[in-house]
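A short worksheet on the structure shown next.
Order of listing sets the numbers, starting from 1, for every ligand and every atom in it. These numbers come from the heavy atoms of this one structure, side chains and all, not from hydrogens, waters or symmetry mates.
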Amino acid sequence: MAELIDGKKISTDIKDELKEEVSKLKAEGREVTLAVILVGDDPASAVYVKNKKKACEYIGIKSLSYELPAETTEDELLELIEKLNGDDTVNGILVQLPLPRHIDEKKVIRTISPKKDVDGFHPENVGALLIGEPGFVSCTPAGIIELLKRSNVEIEGKECVVIGRSNIVGKPMGVLLLRENGTVTIAHSRTKNLKEICKRADILVAAVGKPKMITAEYIKEGAVVIDVGIHRMDNGKLCGDVDLDDVESHVSKITPVPGGVGPMTIAMLMYNCIASVRG
Ligand code: NAD
């Protein structure tokens, strides 16, 4: 039977460690402050923002909330970001994506100071990751590395296959696994023989965005599987990109959905906020 990797427990451990770190910073007279900007009224984004603010509260990070109407212009948003960039009391700036269509996301990401870019989306941070220099790392893939390490999964020398090449999950995931000395393949929508490639994986990361697409046919016996996908099914329950029931008897360890990768993303955001103060 597969071992379920408990992302909820591991993320709580991390948040408790960070809580201590924040207390130490406070004792040195340093406060950690995250500015969270939400534009519009997308219900899923509102939930994500609420959870991020709740995590800040738990850890002792001060969160400044900017909830702007959907009609906010690009210039107004950029002006707010510039103001926060120049505010020495603000350590991290997070703009919840997606943004309304009339706002250029790339421009917004580039406007956030790389030193306050706790999401790790700014090209300067992405470039730093690629060449192995310090910088903020995208939270979901960073959280997956923590999940693997804290579950005693060795990455060095292992065949790692990532399905998905998005800028926020697939690509940084591939680079991070490479940094841990994995042998990495990034598969995507144009990949041929996807099943054969996935079957090589000792560690398979599914970030494909297709509910339950990954079945036992894609999995090598004993592989470790990380399921990044989150989908709401017709019955209201959540599922991932992996068909857990089908693969469970084939894998050695797997992350469930919910309670796997999801909670780690927020824990790593909190980690980045604190790193932004430590410098
Ligand atoms: P995306 O849509 O930007 O990227 C999906 C990737 O999958 C693309 O690179 C595409 O090439 C690849 N792909 C699509 N169909 C494919 C196919 N049939 N075969 C092989 N590759 C295929 O998505 P994303 O932002 O990277 O997110 C992926 C999933 O992870 C989504 O379900 C998303 O909701 C979820 N997600 C979860 C978290 C979390 O915190 N748990 C964070 C981010 C994303």
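In this structure, Leu64 and Leu34 have side chains that are not in contact, with every pair of non-hydrogen atoms separated by 4.5 Å or more. With contacts defined as side-chain heavy-atom distances shorter than 4.5 Å, the pair Val118/Leu269 qualifies. Looking at Leu129 and Leu176, their side chains come closer than 4.5 Å, going by heavy atoms from C-beta outward. Side-chain atoms of Met233 and Pro211, non-hydrogen and from C-beta on, never get closer than 4.5 Å to each other. Using a 4.5 Å cut-off on side-chain heavy atoms (C-beta onward), Glu159 and Ile203 make no contact.
Of all the atoms in ligand 1, the ones that sit under 4.0 Å from a non-hydrogen atom of His231 are 32 (O). Heavy-atom proximity to Met213, at under 4.0 Å, picks out these atoms of ligand 1: 17 (C), 18 (N), 19 (N). Heavy-atom contacts of Ala207 reach the following atoms of ligand 1: 5 (C), 6 (C), 7 (O), 28 (C) (cutoff under 4.0 Å). Every atom of ligand 1 is numbered from 1 in the order shown, and the set under 4.0 Å from a heavy atom of Leu194 is 19 (N), 20 (C).
Residue Leu204 shares its hydrophobic cluster (ILVMFWY side chains chained together at separations under 4.5 Å) with Leu4, Val161, Ile163, Leu194, Ile197, Val208, Met213, Ile214, Tyr218, Ile219, Val225, Val242, Leu244, Val247, Val251, Ile254.
Of all the heavy atoms of Val169, the ones lying under 4.0 Å from any atom of ligand 1 belong exclusively to the side chain. If you look at Thr140 next to ligand 1, the close heavy atoms, those under 4.0 Å, all belong to the side chain.
A side chain to side chain contact (heavy atoms under 4.5 Å, CB included) with Leu80 is found for one member of Ile37, Asn85, Val39, Thr72 and no other, namely Ile37. The only option from Val90, Asn272, Asn91 that meets the side chain to side chain contact (heavy atoms under 4.5 Å, CB included) definition with Lys116 turns out to be Val90.
In this structure, Ile163 has a heavy atom closer than 4.0 Å to ligand 1.
Of the listed options Ala187, Ala206, Ser166, Ser189, Ser166 places a heavy atom closest to atom 3 (O) of ligand 1. Comparing heavy-atom distances from atom 15 (N) of ligand 1 across Arg190, Met264, Lys210 singles out Lys210 as nearest. With distances taken over non-hydrogen atoms, the option nearest atom 16 (C) of ligand 1 out of Val257, Val208, Thr255 is Val208. For atom 41 (N) of ligand 1, the candidate residues are Ile186, Ile230, Ile226; the nearest heavy-atom contact is made by Ile230. Between atom 8 (C) of ligand 1 and the options His188, Met268, Arg165, the minimum heavy-atom separation is to Arg165. Within the set Gly262, Gly229, Gly164, Pro258, the minimum heavy-atom distance to atom 12 (C) of ligand 1 is found for Gly164.
The protein heavy-atom contact nearest to atom 36 (N) of ligand 1 is Val228 O, 3.6 Å. The protein heavy atom nearest to atom 31 (C) of ligand 1 is Gly209 CA, 3.7 Å. The protein non-hydrogen atom at the shortest distance from atom 40 (O) of ligand 1 is Thr265 OG1, 2.7 Å.
No hydrogens or angles considered: nothing links the side chains of Thr33 and Thr89 as a donor-acceptor pair under 3.5 Å.
The OG1 atom of Thr185 sits 4.5 Å away from atom CZ of Arg200, with the distance rounded to the nearest 0.5 Å.
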